[in-house]
Amino acid sequence: MDASHEDLHHPWGLTPEAARALQTRLAPRVERGDRFGPLERVAGVDVGFEQGGGITRAVVSVFSWPHLEPLEDAVARVPTAFPYVPGLLSFREIPAVLRALEGLQVPPDLLLCDGQGIAHPRRLGIAAHLGLITDLPSVGVGKSRLVGRHGEVGVLRGSTVPLADRGEVIGRVLRTRTGVRPVYVSTGHRVALDAACQLVLQAAPRYRLPEPIRRADRIASRRDGPRREAAVQKR
DNA sequence: GCGACAG
DNA sequence: ATCTTGTCGC
């Protein structure tokens with residue numbers, strides 16, 4: 001029920017072995033059912049790296065819901081302290097994301113993350129991990145597959161096919177745009193798969209990726225440093 | 001030992 | 001993810 005802070009504020013400077021052990025220990029605490037109220041602010045989360053990868057730049061872009069108007073952006077630049085290791089992405093990106101979240105004027109009601117939720121070897125992809133430690137509802141939206149198998153997805157927008165691994169459905173491959181490569185949607189925390197897919201489809205009315213993630217991605221991968229770090233609209 | 005492997 | 005310019009197509 002509660003996200004007992006202390007033990008959830010675990011250290012990040014771990015060895016890959018210790019990180020995997022921690023994932024196995026935390027995964028059971030991820031809530032796979034729906035537990036979120038009315039949505040007003042939905043945020044997109046993404047990370048980018050600067051020359052050489054020495055600096056991790058995390059971006060959180062908050063949009064109004066359901067109108068999808070940009071409300072606020074928060075950016076954090078942190079020295080990169082963990083390498084990219086398949087399955088351990090959260091240990092590389094979450095520290096910077098947490099800093100960005102701290103910079104928001106108002107916390108969001110939901111997080112749409114660039115990466116997997118429970119569609120992960122130990123069921124703790126970055127979206128699930130981030131949702132768990134912030135206790136915010138979250139959804140994983142991956143641009144490609146990490147684990148799991150699935151059949152062909154219909155060519156029309158809205159088509160889906162289950163993503164399964166070790167005899168369990170861990171996500172859904174969703175076509176957000178007719179004729180365009182589908183995305184991998186999975187439960188992050190407090191958002192079941194059905195709602196997760198509905199939300200992603202609603203958040204992506206025109207492009208392959210949800211609007212909040214697109215904006216965060218654009219800012220995160222911009223060569224030039226971000227201009228305004230917060231307050232898209234001050235009023 | 002040989003592939004697979006989010007971003 | 002990042003290094004990098006233009007190019008083909010709707």
Side-chain angles (χ1 to χ4, degrees), chain A residues 12 16-17 19-20 22-24 26-27 30 43-61 75-100 111-132 138-150 155 157 163-166 170-174 176-189 193 196-197 200 206-210 212-226:
Chain A
W12 296 98
E17 300 66 46
R20 294 189 187 92
L22 178 57
Q23 293 180 319
T24 298
L26 295 178
V30 171
V45 179
D46 192 28
V47 168
F49 297 86
E50 303 183 359
Q51 311 299 316
I55 296 295
T56 298
R57 181 197 292 166
V59 181
V60 177
S61 294
V75 181
R77 296 171 72 257
V78 176
T80 304
F82 198 89
Y84 169 68
V85 179
L88 300 181
L89 185 66
S90 62
F91 291 87
R92 176 176 171 78
E93 306 189 340
I94 286 186
V97 173
L98 292 178
R99 289 279 299 277
L111 300 176
L112 292 178
C113 306
D114 186 9
Q116 315 298 330
I118 62 171
H120 175 282
R122 290 165 292 285
R123 308 298 185 254
L124 194 76
I126 189 168
H129 196 166
L130 182 61
L132 178 65
S138 66
V139 172
V141 184
K143 297 186 294 298
S144 63
R145 182 192 67 85
L146 173 59
V147 294
R149 294 169 49 70
H150 64 82
V155 70
R157 164 181 159 84
L163 175 64
D165 180 51
R166 286 182 279 157
I170 57 176
R172 207 170 279 165
V173 185
L174 168 67
T176 52
R177 275 199 78 180
T178 298
V180 173
R181 191 151 69 102
V183 295
Y184 293 75
V185 178
S186 57
T187 287
H189 184 54
L193 190 53
C197 288
V200 169
R206 176 167 186 193
Y207 298 100
R208 182 195 180 212
L209 296 176
I213 291 181
R214 286 191 75 227
R215 184 181 173 91
D217 178 70
R218 193 205 76 199
I219 298 174
S221 59
R222 198 151 59 191
R223 266 179 167 294
D224 165 26

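Residue numbers start from 1 in every chain, and the chains themselves are labelled A, B, ... in the order their sequence lines are given, proteins ahead of strands. Please read all numbers here as calculations on a predicted model, not as lab measurements.
- Distance A:Arg206 CZ to C:dC10 P: 18 Å, rounded to the nearest Å.
- Across all strands, A:Ile94 comes closer than 4.0 Å to no nucleic acid atom at all (heavy-atom distances).
- Using a 4.0 Å heavy-atom distance criterion, A:Gly140 is classed as making no nucleic acid contact.
- How far OG of A:Ser138 is from NE2 of A:His129: 11.0 Å, rounded to the nearest 0.5 Å.
- Side-chain contact between A:Gln23 and A:Ser90: present, with at least one pair of heavy atoms (C-beta onward) separated by less than 4.5 Å.
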> Dot-bracket for DNA chain C, 5' to 3', counting Watson-Crick or G-U wobble pairs under 3.5 Å, with [ ] for crossing pairs and | for inter-strand pairs?
Replying inline: ..........

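- Here A:Arg92 does not reach the OP1 or OP2 of B:dG7: none of its side-chain N or O atoms lies under 4.0 Å away.
- Taking every side-chain heavy atom of A:Arg145 into account, B:dA4 is the closest of C:dA1, B:dA6, B:dA4.
- When side chains are defined from C-beta on, A:Arg122 counts as touching A:Leu88, because their heavy atoms get closer than 4.5 Å.
- One interatomic measurement links the two molecules: CZ of A:Arg57 to C1' of C:dT2, which rounds to 12 Å at whole-angstrom precision.
- For A:Leu124 and B:dA6, the CG to C1' distance is 13 Å, given to the nearest whole Å.
- When the nucleotides C:dA1, C:dC3, B:dG7 are ranked by their closest atom to the side chain of A:Phe49, C:dA1 comes out on top.
- Two residues are said to be in side-chain contact when any heavy atoms from C-beta on lie closer than 4.5 Å; A:Ile170 and A:Ser186 fail this criterion.
- Distance from the side chain of A:Ser221 is smallest to C:dT2 among B:dA4, C:dT2, B:dG7.
- How far CG of A:Asp46 is from CZ of A:Arg218: 12.0 Å, rounded to the nearest 0.5 Å.
- Using a 4.0 Å heavy-atom cutoff across all strands shown, A:Gly142 reaches sugar-phosphate atoms only and no base atom.
- In this structure, A:Asp217 and A:Leu209 have side chains that are not in contact, with every pair of non-hydrogen atoms separated by 4.5 Å or more.
- Atom CG of A:Leu89 is separated from atom C1' of C:dA1 by 9 Å (rounded to the nearest Å).
- Atom CG of residue A:Leu174 and atom CG of residue A:Leu163 lie 12.0 Å apart, to the nearest 0.5 angstrom.
- Close to B:dA6, at under 4.0 Å from its OP1 or OP2, lies no side-chain N or O of A:Lys143.
- Proximity of A:Tyr184 to the phosphate of B:dA6: no side-chain N or O atom is located under 4.0 Å from OP1 or OP2.
- Within 4.0 Å of A:Tyr84, counting heavy atoms only, lies at least one base atom of the nucleic acid.
- Atom pair A:Arg149:CZ and B:dG3:P shows a separation of 19 Å (rounding to whole Å applied).
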